[in-house]
Amino acid sequence: MQIEQDKLQEINHTGIEKHRRQFEHVAADINDVEAVLQKLSVFNIAIPSWALGTGGTRFGRFSGGGEPRSLEEKIEDVGVIHALNRSSNAISLHIPWDIPENAASVKELAAQHGLHFDAVNSNTFQDQKGQQHSYKFGSLHHTDKAVRQQAVQHNIEVIKYGVQLNSKALSVWLSDGSNFPGQLNFRNAFQNTLESLQEIYEALPADWKVWVEYKPYEPNFYSTTIGDWGQSYLLASKLGPKAATLVDLGHHLQGTNIEQIVSLLLMENKLAGFHFNDSKYGDDDLTVGSINPYQLFLIFNELVEGMDARGMDHATGLGWMIDASHNVKDPVEDLLQSVQAIKIAYAQALIIDKDALTAAQKNNDVVLAQEILQQAYRTDVRPLVAEAGLRNGGALNPVAAYRKLKVREHLIKERGLNTVATGL
Ligand code: RM4
Ligand code: MN
Ligand code: MN
């Protein structure tokens, strides 16, 4: 389904006066508001192909209706998201959930919606039909070389699919680990993982990267072979310059200072990018910004500061992706909310008074440092985000426009009520 521009403009028109008032109010106090708008307008976050249907629990799946039945329909849904927010110009594919059978036509369809392909994700955490060896006891870390080889080959195949689509990165998340003490020799598991990743690394085209994602637990509950950023960083360092660490916000134990991890990885040029989501307890994959928007802001503070220190382009310097999926929301609305939350946190980080903060840090003026950060965090920057979207031809309020345009109703009519998208 295509968003009709004239209808979208009509909807925007009804809210424009209120928006103007709110925008002028916040813009008046911002230094170089045009520079902030410019940065917001080129900032994009990739949508995961596995988040377009309802999913995300082991216990049941309750289809919301009109779910995409194919990769083509997933691309159309991302097209809808991008048409509304003008900030989701890429899709990240999970193989084999979403195999691009005909790369040329898939690429063309994506281009029609103004989309391209971000990192491709491999999957060695589930057995596929007809697969020779099982991943029950892991994949790249497996004790049996034949299993490791099969998993390596799968990753190489995923790179090949990605090359056809002009992706530039392979994202690897392993569920490899152990459920019980004694089950695994940690050193061997790590060495096997490293050697397997080295083979995959060798298969990367010159302009490609491999992103190594970590996660502390689940599905294994005693150990995970790439369990934290230290383990991922160690692998990425040993692999070489094309390897870096991917931070999924939900993959940390409670209380972990994620912003500090981000800051140091960035300093070492080993931060690949993000899987954004939010969580209360673990890998909850909830809508970005729904639980702890302050943490998200603090992460963006480190990102803006650290990327500027390295002279990096905010929009293209790192991989920006969402990794969320769950049961009770319309997935498209959920993704629209997530992208907005990310842009809000980014905008807040952009308006921090950096010079004042640096001076406060130098003077050990702890109170002032907090005041400066929270001044930015407590500014309602939503009119800035809306203005950037509007100038790009998007919706003033993407979720509201999606509802007014009755997109889900159209999709249900087109696809039916009982469709189930591939994914978890
Ligand atoms: C994992 C991890 C991966 C994602 C899978 C579906 O927990 O976050 O990035 O590909 O879930
Ligand atoms: Mn992830
Ligand atoms: Mn996860």
Side-chain angles (χ1 to χ4, degrees), residues 45-58 61 74 90-99 117-128 135 138-140 151 154-155 158 161-162 167 169-177 197 209-221 223-229 231-232 235-236 244-254 256 258 261-262 265 271-288 290-291 296 299 318-327 331 334-335 338 342 421-424:
I45 299 107
I47 302 296
S49 67
W50 60 101
L52 295 154
T54 47
T57 98
R58 310 174 257 174
R61 202 162 158 173
K74 288 183 175 187
I91 178 165
S92 182
L93 294 191
H94 223 303
I95 311 281
W97 291 338
D98 289 293
I99 293 187
F117 293 89
D118 208 302
V120 277
N121 299 257
S122 58
N123 178 344
T124 58
F125 49 87
Q126 290 174 318
D127 284 345
Q128 307 301 330
Y135 296 134
S139 57
L140 297 185
H154 165 69
N155 276 275
V158 173
Y161 282 122
S167 283
L170 168 72
S171 194
V172 179
W173 172 70
L174 304 176
S175 70
D176 296 14
L197 283 172
K209 298 267 178 343
V210 59
W211 295 343
V212 183
E213 185 174 352
Y214 59 89
K215 176 170 172 174
Y217 71 92
E218 198 201 24
N220 280 288
F221 293 102
S223 75
T224 299
T225 298
I226 312 180
D228 65 16
W229 75 283
Q231 290 150 9
S232 167
L235 289 166
T245 296
L246 183 90
V247 176
D248 181 314
L249 296 188
H251 292 190
H252 301 87
L253 299 176
Q254 283 184 39
T256 301
I258 304 174
I261 296 172
V262 167
L265 284 173
L271 180 62
F274 286 85
H275 273 177
F276 288 111
N277 48 48
D278 211 342
S279 73
K280 178 81 177 157
Y281 303 107
D283 187 25
D284 305 344
D285 281 340
L286 298 176
T287 317
V288 184
S290 61
I291 303 284
L296 186 66
I299 290 169
L318 295 172
W320 307 115
M321 293 158 287
I322 288 171
D323 181 4
S325 83
H326 51 92
N327 243 335
D334 168 51
L335 289 159
S338 280
I342 293 167
T422 50
L424 270 188

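Ligands are counted one by one from 1 in listed order, and the atoms in each one are counted from 1 as well. Keep in mind the model is a prediction, meaning the values are calculated, not measured.
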Backbone or side-chain N or O of W97 under 3.5 Å from ligand 1 N or O: no
Ligand 1 N/O within reach of W173 N/O, cut-off under 3.5 Å: no
Taking only heavy atoms of [X] into account, list the atoms of ligand 1 that are under 4.0 Å away from them.
| X | result |
| --- | --- |
| D248 | 8 (O) |
| H275 | 9 (O) |
| H251 | 2 (C), 7 (O), 8 (O) |
| K215 | 7 (O) |

Name whichever N, O or S atom of [X] ends up nearest to the Mn ion (ligand 2).
| X | value |
| --- | --- |
| E213 | OE2 |
| D323 | OD2 |
| D248 | OD2 |

Part of D283 with heavy atoms under 4.0 Å of ligand 1, whether side chain, backbone, both or neither: side chain
Test of ring centre spacing under 6.0 Å for H94 and F125: yes
Contact summary for D278 and D284, nearest pair of heavy atoms: O-CB, 4.0 Å
Check whether any side-chain heavy atom of [X] sits under 4.5 Å from a side-chain heavy atom of [Y], and report yes or no.
| X | Y | answer |
| --- | --- | --- |
| H251 | D283 | yes |
| L93 | Y161 | no |
| V158 | N121 | no |

Derivation and outcome, side-chain hydrogen bond (donor to acceptor under 3.5 Å, both in side chains), residues N327 and T54: CA-CA 5 Å; N327 243 335; T54 47; 5.0 Å; no
Atom pair OG1/CH2 of T124 and W173 - distance to nearest 0.5 Å: 8.5 Å
Which residue and heavy atom of the protein sit nearest atom 8 (O) of ligand 1, plus the separation: D323 OD2, 2.8 Å
Residue and atom name of the nearest protein heavy atom (relative to atom 10 (O) of ligand 1), distance in Å to one decimal: H94 NE2, 2.7 Å
Trace of the salt bridge (Lys or Arg N to Asp or Glu O under 4.0 Å) decision for K215 with D248: CA-CA 8 Å; K215 176 170 172 174; D248 181 314; over 6 Å; no
Contact check, E218 vs ligand 1, heavy-atom distance below 4.0 Å: no
D283 near the Mn ion (ligand 2) via N/O/S, less than 2.8 Å: no
Ring geometry between F276 and W320 (parallel below 30°, tilted from 30 to 60°, perpendicular above 60°): parallel
H275 N/O/S atom closer than 2.8 Å to the Mn ion (ligand 3): no
S279 versus D285, side-chain donor and acceptor atoms under 3.5 Å: no
